[in-house]
Amino acid sequence: ESPATCELYEASEELPEPLKQCTTWLQAYFCEPARTASLPVPPFHHPLLQQDSFTGQVLWTLLRDVKLGEAVSYKRLAELAGNGRAARAVGGAMRSNPIPIIIPCHRVICSSGQSGNYGGGNLMKEWLLAHEKLQREK
């Protein structure tokens, strides 16, 4: 399919700096995904990401270690987060993700290679994975 064009509509009022960073990051993700690697990750203030928990560890590990265009199994992400037997808990962490796309839970797939579930719907997950793969191949 032909790629979608990107348009950004500027807000008429001044945005706080964290929202500017988020807007810049999301615009880059959809228009020039490779550029996200050079941008600072927007600040996260969600309590789930502030506390020391396995879910938080999984989300931070995913953000840090699974790059654009890559995919990781639930089991492998559990191993990377420090508990290889916690693949089901990784699924729970993905369901709890407060900021999908920025913390790329769509990159987590089943060990069989199947895409698995996604809160935004499986078609959206497949689109995001294809979008990243296409951009990585450029």
Side-chain angles (χ1 to χ4, degrees):
E1 296 180 20
S2 62
T5 59
C6 283
E7 294 181 45
L8 180 66
Y9 295 96
E10 299 294 331
S12 59
E13 43 192 80
E14 189 65 26
L15 291 175
E17 190 57 34
L19 287 178
K20 283 183 191 176
Q21 288 178 339
C22 190
T23 301
T24 299
W25 195 96
L26 288 169
Q27 180 186 17
Y29 177 82
F30 286 106
C31 298
E32 306 171 69
R35 196 166 70 93
T36 59
S38 65
L39 292 173
V41 176
F44 304 138
H45 301 289
H46 194 279
L48 182 63
L49 298 166
Q50 304 297 317
Q51 59 190 343
D52 185 25
S53 66
F54 184 69
T55 295
Q57 180 67 28
V58 167
L59 294 173
W60 284 111
T61 300
L62 175 59
L63 178 64
R64 181 185 62 240
D65 295 348
V66 183
K67 305 300 180 204
L68 183 78
E70 296 178 353
V72 64
S73 71
Y74 292 92
K75 180 177 179 10
R76 179 65 184 136
L77 185 53
E79 292 167 353
L80 290 170
N83 186 348
R85 297 179 324 194
R88 291 180 70 101
V90 167
M94 297 305 98
R95 285 187 298 277
S96 300
N97 183 356
I99 45 176
I101 298 181
I102 295 177
I103 297 181
C105 54
H106 58 277
R107 295 180 189 160
V108 184
I109 62 172
C110 299
S111 296
S112 66
Q114 297 292 316
S115 67
N117 294 322
Y118 185 64
N122 290 346
L123 288 176
M124 178 62 72
K125 182 173 185 167
E126 291 172 18
W127 186 91
L128 291 166
L129 290 169
H131 171 68
E132 291 185 9
K133 183 178 180 186
L134 177 68
Q135 297 301 320
R136 188 170 183 185
E137 292 173 353
K138 284 185 176 183

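Along the sequence shown, residues are numbered consecutively beginning with 1.
Taking each heavy atom of W25 and P40 in turn, the nearest pair found is CD1-O, 3.8 Å. Of all heavy-atom pairs between S96 and L48, the closest is O-CD2, 3.3 Å. Nearest heavy-atom pair, C105 versus P100, reported as atom, atom and distance to 0.1 Å: SG-CB, 4.0 Å. In terms of heavy-atom proximity, C110 sits nearest to G116 at SG-CA, 3.7 Å. Pairing each heavy atom of C22 with each of P42, the nearest pair is CA-CG, 3.6 Å. When all heavy atoms of K20 and L15 are compared, the closest pair comes out as CE-O, 3.2 Å.
In this structure, the separation between CG on L63 and CG on L49 is 9.0 Å, given to the nearest 0.5 Å. To the nearest 0.5 Å, atoms CZ (R107) and CD1 (I101) are separated by 10.5 Å. Taking CD from E32 and CD from Q27, the interatomic distance works out to 7.5 Å, rounded to the nearest 0.5 Å.
Cluster annotation: L77 and L128 are assigned to the same hydrophobic cluster (Ile/Leu/Val/Met/Phe/Trp/Tyr, side-chain heavy-atom contacts under 4.5 Å, transitive). No continuous path of hydrophobic side-chain contacts links I109 to W127 [ILVMFWY only; heavy atoms under 4.5 Å]. Hydrophobic clustering of Ile, Leu, Val, Met, Phe, Trp and Tyr side chains at less than 4.5 Å, counting indirect connections, keeps V72 apart from L129. Tracing side-chain contacts under 4.5 Å through hydrophobic residues (I, L, V, M, F, W, Y), one reaches L80 starting from L62; they form part of the same cluster.
Aromatic ring pairs are classed by plane angle as parallel below 30°, tilted from 30° to 60° and perpendicular above 60°; the pair F44 and W60 is tilted.
Shown here is R64, whose CZ atom has more than 12 heavy atoms of other residues, nucleotides or ligands within 6.0 Å. The 12-atom threshold is not exceeded at CG of N117, counting heavy atoms of other residues, nucleotides or ligands nearer than 6.0 Å.
Within the 4.5 Å cutoff, the side chain of K75 has no heavy atoms near those of the V90 side chain. Counting only heavy atoms from C-beta outward, the side chains of S111 and Y74 never approach each other to under 4.5 Å. Contact check for Y29 versus L39: no side-chain heavy atoms found under the 4.5 Å cut-off. For the pair E132/P33, no side-chain contact is recorded, criterion being any heavy-atom separation below 4.5 Å from C-beta on.
Under the side chain to side chain contact (heavy atoms under 4.5 Å, CB included) test applied with I102, the options N97, V41, T36 reduce to a single match, V41.
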Could you walk me through whether E126 and Y118 pass the side chain to side chain donor-acceptor pair (under 3.5 Å) test, one step at a time? CA-CA 9 Å; E126 291 172 18; Y118 185 64; over 6 Å; no
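A donor-acceptor pair is defined here as one N or O able to donate and one able to accept, closer than 3.5 Å; such a pair exists between the side chain of K125 and the backbone of S115.
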